[in-house]
Structures are given as C-alpha cells and as structure tokens.
Number of protein chains: 2
Amino acid sequence: MKTSKEIESCNNCIYRKLLFESLNEEEYRLVNNSRTEYIYKRGEIIRQEGEPIDSFLYLRSGLIKLYKTNKSGKDHILSINKPGDFISLLSIFSNSVYKYSITAIEETKVCEVGLSALQKVIVSNSAFALRVLNKMSRVSDDIIESQFEIRQRQVKGRIAYFILFLADRIYRKREFRLPITRREIGELISMTTENTIRTLSEFRKDGIISMDGKIITILDYDRMQSISKTG
Amino acid sequence: MKTSKEIESCNNCIYRKLLFESLNEEEYRLVNNSRTEYIYKRGEIIRQEGEPIDSFLYLRSGLIKLYKTNKSGKDHILSINKPGDFISLLSIFSNSVYKYSITAIEETKVCEVGLSALQKVIVSNSAFALRVLNKMSRVSDDIIESQFEIRQRQVKGRIAYFILFLADRIYRKREFRLPITRREIGELISMTTENTIRTLSEFRKDGIISMDGKIITILDYDRMQSISKTG
DNA sequence: CTTGCGTTATGACATATGTCATGAAAAAGG
DNA sequence: CCTTTTTCATGACATATGTCATAACGCAAG
C-alpha cells in the first residue's frame with residue numbers, strides 16, 4: 001500500500017510556517033519524531049473507511065479524493081483535495097475510525113504525524129491549538145460549501161462549477177488535464193457517467209470548451225461562469 | 001429581533017458539564033460574564049448571513065434551521081439543529097462573518113458567549129480547547145454526513161431519511177408534529193414543494209404514515225427504513 | 001367573525017435525468 | 001507487441017422531477 005518512504009525534515013517544508021511556527025524546540029521534536037512521509041502512486045488507497053485513525057494526515061503534494069462506497073458498491077466522492085489541505089482532520093477528534101476512504105488520484109506526498117503526539121502538543125501549546133482549530137474549520141467549511149453549491153444546481157451547472165473549481169482553485173489555468181475520469185466526476189456531482197459525458201460534449205459543441213481526451217481548455221470563461229451560476 | 005432576555009446561571013444548565021466542566025473559577029467567571037441568554041420566538045431570525053461573528057452560540061432548547069438564500073431568492077436549508085448543538089461554531093474560527101442565516105423554527109433558548117472571552121479560555125485551558133475541537137468537529141461531521149446521505153437518494157428516499165431523522169434523532173417518537181412546512185422540507189432535501197407534498201401523500205396512501213395536517217405518525221417503520229435505504 | 005394569505009393538495013404536461021445498448025478509443029497489463 | 005479492460009461517446013427510450021394551473025383548507029390579523 002505504502003510504496004515508498006522518504007523522510008525529510010520539516011525545515012524544508014513550505015508548510016512548516018503555516019502550522020508548526022508556534023512550536024518550541026521540544027514540541028517540534030515530539031512532532032517530528034512521530035512524523036513519517038509517504039509517497040502514494042496514482043490509484044493507491046491512502047486510508048480506507050473503517051480503519052482506525054492513528055495519525056494526522058497532511059497533503060504535501062499531489063491530489064487525493066475523499067469518498068465513500070455505499071451498499072450497492074457505488075462510490076460517492078466528497079471532495080478533491082490539494083496540497084496544504086488536512087485530509088484526515090475532519091473526524092480525527094470526534095471519531096476513532098475513518099468515515100471516508102482516501103485515494104491518491106495522482107502521485108501524492110503525505111505527511112503523517114502520530115495522533116497522540118499531535119494531541120500532546122495541542123494540550124501544551126494553545127496557540128497551536130487555535131491554529132489547528134482554524135485550519136480544521138476551514139477544511140470542513142470548504143466541503144460543506146462545495147456540497148451546498150453542487151446540490152442546488154442541475155447537471156450543466158454542476159459540471160461548470162467543477163470545471164471552474166479545477167481551473168480557478170486547483171490548476172489556476174484555463175487549460176489543464178482532468179485528474180479524474182468522467183465516471184468520477186459523476187460520483188462527485190451525483191450524476192450518471194453518461195450525463196456527465198454528454199454534458200461535456202455539449203459544452204464542446206457549444207464552443208465553451210475544447211477537449212482532447214482528458215485535456216480541457218476553457219474557451220469561453222464568461223459563459224462557463226454564467227452556466228455555473230444559473231444552471 | 002431578540003424578544004426577551006433572561007440570564008440564568010450555567011450551574012443549572014445541563015450542558016455545563018458537557019462543555020465547561022474543565023474550567024477553573026476564573027475561567028468560568030470570564031465566560032459567564034460575557035454570557036447572555038436570549039429567547040427567540042418561532043420564525044425569528046437569530047443571525048443573518050453576512051453579519052459579523054461576535055459570539056459563540058449554543059442551543060439550549062428549541063429548534064433552529066441553518067440556511068442560505070441564493071440570488072434567485074430561494075432558500076436552501078443546510079441543517080435542522082437541536083438543543084446541545086453548537087450553532088455557529090462552524091465558521092467561528094475561520095470566518096469573520098456568518099456564512100449562513102439562522103432562524104428559530106420554534107421557541108428557542110440560545111446561550112451567547114462573547115467570542116473573545118471564549119478564545120481567551122481556549123488559549124489558557126487546553127483541556128477545554130480539546131473539548132471544543134471535539135464537539136466542533138462532530139457538528140461539522142453531522143452536517144457533512146447528512147448532506148452526503150441526502151444527495152445520493154431520490155425524492156422518496158430523501159423524505160424517508162428526513163422523517164426518520166425527526167423520529168429517531170429529534171423527537172424519539174413515531175408520532176410528532178412536523179416542525180417545518182413542506183416547502184421547507186423541500187428546501188432541506190433540494191426538491192420542489194410539489195414533489196415533497198406528493199411524496200408524503202403517497203406514503204399516506206401506501207399506509208406507511210398517517211397525516212393530520214402537520215402531525216405525522218409512522219405506521220410502517222420497517223418499510224420507511226427500507227425506502228430510506230434503497231430509494 | 002370575516003378576510004386574506006400562505007400552505008396543502010392534485011392534475012396535466014414539459015423537461016431533466018437515468019437506463020440500457022452498442023461501439024470506438026484509450027489505457028492497462030502481460 | 002498484442003490482448004484485455006476500462007473509458008469515452010452516442011442513441012433510443014423509460015422514469016423522475018420540475019413547472020404551471022387550480023382549488024380547498026387553515027391560520028392569523030383585523
């Protein structure tokens with residue numbers, strides 16, 4: 001499952017400042033000693049629903065999806081997360097097991113910090129606790145907001161919303177490679193694969209995007225925004 | 001807006017134990033001095049989207065809805081919350097203004113604690129911080145989970161899910177008074193009022209529930225569960 | 001008590017979405 | 001390289017959901 005291991009110091013990590021800035025030497029050592037860095041290949045499962053929560057996961061590079069499989073075997077994707085996101089913190093303090101599965105959708109570097117070490121530092125360092133609280137509420141907020149936005153749109157609006165999410169928040173470009181299949185887009189926006197494909201084709205026919213396999217270029221950004229808002 | 005004010009000591013509050021147990025005298029005094037208790041009548045707006053977050057809100061009795069109004073003027077309800085729930089904590093640490101509006105759907109008692117007092121205690125008392133972290137993640141988790149469950153069902157399943165939510169988690173009875181209108185149920189499950197009404201009528205015709213205005217009785221609990229799971 | 005307005009209710013019809021079938025294209029695996 | 005599997009694509013049709021119209025009912029304000 002975990003294909004490769006490669007420990008680096010947090011000192012070189014651009015996220016150290018974000019999170020560990022307020023730690024003193026001892027606290028930092030405590031965190032760092034219980035820290036491991038793993039690399040997951042595309043498609044590898046990082047954590048599975050029901051597994052005990054043993055550590056705090058922090059995404060350093062790559063992309064992951066958070067999802068759940070229902071009884072019929074159908075997956076429903078909750079969110080796509082990017083570097084800098086806390087990918088497990090959601091339930092770390094209220095659940096003992098993962099409520100959702102996590103899979104790497106491209107090669108992904110994950111920092112894993114032992115839960116007990118993290119809790120010790122939270123107890124000893126209140127500035128750090130506030131920082132975690134802040135970051136954590138932001139991630140939950142983002143998930144709630146995106147689900148909320150998705151649910152009040154129909155297919156065209158949902159796909160436009162997702163394409164703009166990728167363009168604006170993930171890649172910051174108007175041309176990018178879809179990181180997931182059309183089936184997975186459907187699992188994310190709660191639509192069938194066929195309708196997802198059909199709608200993307202329609203956007204292409206209407207000249208709003210061009211498509212070459214997984215490469216998408218937004219040709220008419222304004223119209224895409226308008227569809228995301230109204231449809 | 002706030003119709004009545006009535007300060008009680010936290011000592012008599014059944015929730016004190018839940019949250020304020022770990023506070024020492026001074027911390028407790030700090031919280032209590034910045035604490036006010038308000039009573040909101042049915043339909044009264046407790047907080048409005050966009051208002052600055054000044055305090056931490058804690059629901060002592062009654063029921064509230066969390067919702068957002070979109071540009072077309074249509075409301076979308078995010079959750080119905082019951083006593084014991086943190087109703088503002090969601091965005092308290094990551095936003096300076098409320099992202100959602102809060103309205104009392106029946107007479108509701110709300111405890112309001114000044115945000116700065118709360119933050120001071122979080123910084124000074126790490127056990128309390130952990131408790132807040134735990135409770136907070138649970139509330140966010142609940143919202144994410146219910147949205148997640150709703151979105152993968154169609155109308156019948158969504159309504160069955162909601163009816164069972166009321167029966168099992170809010171009233172703990174099989175007969176209860178719907179606290180909201182059918183339009184609001186639609187706003188909660190993202191369906192039109194007509195389809196919501198139609199589906200409830202259908203449940204009645206099929207002998208799954210009986211209805212007398214807003215009074216609902218679940219006659220066939222098993223079938224209701226089965227619809228909630230499959231439909 | 002009456003009036004007015006929102007809620008509940010239902011039908012007819014339009015539109016959106018799902019399902020099933022089929023095939024081409026692309027990716028994965030030996 | 002070839003084979004196998006998955007993804008992408010599209011059509012025809014079934015079903016679910018939305019829209020519009022209409023009416024009875026109930027609650028609340030005067």
Side-chain angles (χ1 to χ4, degrees), chain A residues 41-44 65 70 72-77 103-107 150-160 162-163 177-206 209-216 227 230-231, chain B residues 41-44 70 72-77 103 105-107 150-160 162-163 177-206 209-216 227 230-231:
Chain A
K41 288 194 204 137
R42 188 159 78 87
E44 275 191 304
K65 64 174 177 180
N70 68 13
S72 340
K74 194 172 160 44
D75 282 356
H76 285 264
I77 298 177
T103 288
I105 58 183
E106 50 181 62
E107 179 158 309
I150 289 286
R151 77 172 227 207
Q152 59 189 289
R153 292 167 163 80
Q154 30 197 32
V155 201
K156 284 182 200 172
R158 291 180 187 189
I159 292 198
F162 175 66
I163 295 292
R177 187 176 189 284
L178 278 177
I180 56 178
T181 65
R182 283 144 177 83
R183 176 171 55 74
E184 287 173 309
I185 297 177
E187 290 168 356
L188 180 62
I189 66 174
S190 293
M191 286 291 151
T192 59
T193 308
E194 292 93 324
N195 275 326
T196 303
I197 291 172
R198 246 186 277 269
T199 303
L200 280 171
S201 298
E202 205 178 318
F203 283 175
R204 178 174 42 73
K205 281 169 199 157
D206 292 349
I209 60 171
S210 70
M211 282 196 290
D212 180 17
K214 285 217 183 320
I215 306 292
I216 294 221
I227 293 171
T230 64
Chain B
K41 288 195 204 137
R42 187 160 75 87
E44 273 191 306
N70 68 14
S72 340
K74 193 170 162 46
D75 281 357
H76 286 264
I77 297 177
T103 288
I105 58 182
E106 50 182 62
E107 179 157 310
I150 288 287
R151 79 171 225 206
Q152 59 188 292
R153 291 166 164 81
Q154 31 197 29
V155 202
K156 285 181 196 172
R158 291 181 187 189
I159 293 197
F162 176 66
I163 295 293
R177 187 174 189 285
L178 277 177
I180 55 178
T181 66
R182 283 145 179 81
R183 176 172 54 74
E184 286 173 309
I185 296 177
E187 289 168 359
L188 180 62
I189 65 173
S190 293
M191 286 292 152
T192 58
T193 308
E194 292 93 326
N195 276 325
T196 303
I197 290 173
R198 246 184 277 269
T199 303
L200 281 172
S201 298
E202 205 177 318
F203 284 174
R204 178 173 44 70
K205 281 170 197 155
D206 292 347
I209 60 171
S210 70
M211 281 197 289
D212 180 17
K214 285 215 182 324
I215 306 292
I216 293 223
I227 293 171
T230 65

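Applying the side chain to side chain donor-acceptor pair (under 3.5 Å) definition to pairs two or more places apart or across chains, those involving residues 197-206 of chain B are B:K156-B:E202. Listed by first and then second residue, the salt bridge (charged side-chain N to carboxylate O under 4.0 Å, His left out) pairs that reach into residues 178-191 of chain A are A:K65-A:E184, A:R183-A:E187, sequence neighbours excluded.
Contact record, A:A160 with A:I227: CB-CG2, 3.8 Å, taken as the closest heavy-atom pair. Among all heavy-atom pairs drawn from A:L188 and B:R151, the shortest one is O-NH2, 3.5 Å. When all heavy atoms are compared, the tightest approach of B:N70 to A:Q152 is ND2-OE1, 3.2 Å.
Contact annotation: A:R204 does not reach the phosphate of D:dC8 (side-chain N/O to OP1 or OP2, under 4.0 Å).
Distance check, rounded to the nearest 0.5 Å: CD1 of B:I185 to CD1 of B:I159 gives 6.5 Å. Between atom OG1 of residue A:T103 and atom CD1 of residue A:I105 there is a gap of 9.5 Å, rounded to the nearest 0.5 Å. Atom OG of A:S190 and atom CD1 of A:I77 lie 10.0 Å apart (nearest 0.5 Å).
Residues satisfying the side-chain contact (heavy atoms from CB on, under 4.5 Å) test with A:R42, not counting sequence neighbours, are none. Residues forming a side-chain contact (heavy atoms from CB on, under 4.5 Å) with A:I216 (at least two apart in sequence, or on another chain): A:I163, A:F176, A:L178, A:L200, A:I209, A:M211. Considering only residues two or more places apart in sequence or on other chains, A:T192 meets the side chain to side chain donor-acceptor pair (under 3.5 Å) condition with A:N195.
B:K214 comes within contact range of the sugar-phosphate backbone alone, with a heavy-atom separation under 4.0 Å but no base atom that close. Within 4.0 Å of A:R153, counting heavy atoms only, lies no atom of the nucleic acid at all. Using a 4.0 Å heavy-atom distance criterion, B:R158 is classed as making no nucleic acid contact.
For A:D212 and D:dC8, the CG to P distance is 13 Å, given to the nearest whole Å. Spacing between atom CD1 of A:I215 and atom C1' of D:dT7 amounts to 16 Å, rounded to whole angstrom units.
Here chain B contacts DNA chain C (any atom closer than 4.0 Å to a heavy atom, that is under 4.0 Å), and the contacts span C:dT7 to C:dA12 from 5' to 3'.
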Interface polar pairs with nucleotides 20-26 of chain D, N/O, under 3.5 angstrom:
residue	atom	partner	partner atom	Å
D:dC20	N4	B:E194	OE2	3.2

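Between the axis at the start and the axis at the end of the helix from C:dC1-D:dG30 to C:dG30-D:dC1 there is an angle of 60°, using five pairs per end and rounding to 10 degrees.
Residues A:F162 and A:I180 meet the side-chain proximity criterion, which asks for heavy atoms closer than 4.5 Å.
In this structure a side-chain-to-backbone donor-acceptor pair under 3.5 Å is missing from A:R177 to A:K214.
Residues from residues 177-185 of chain B placing a heavy atom under 4.0 Å of any atom in DNA chain D do not occur.
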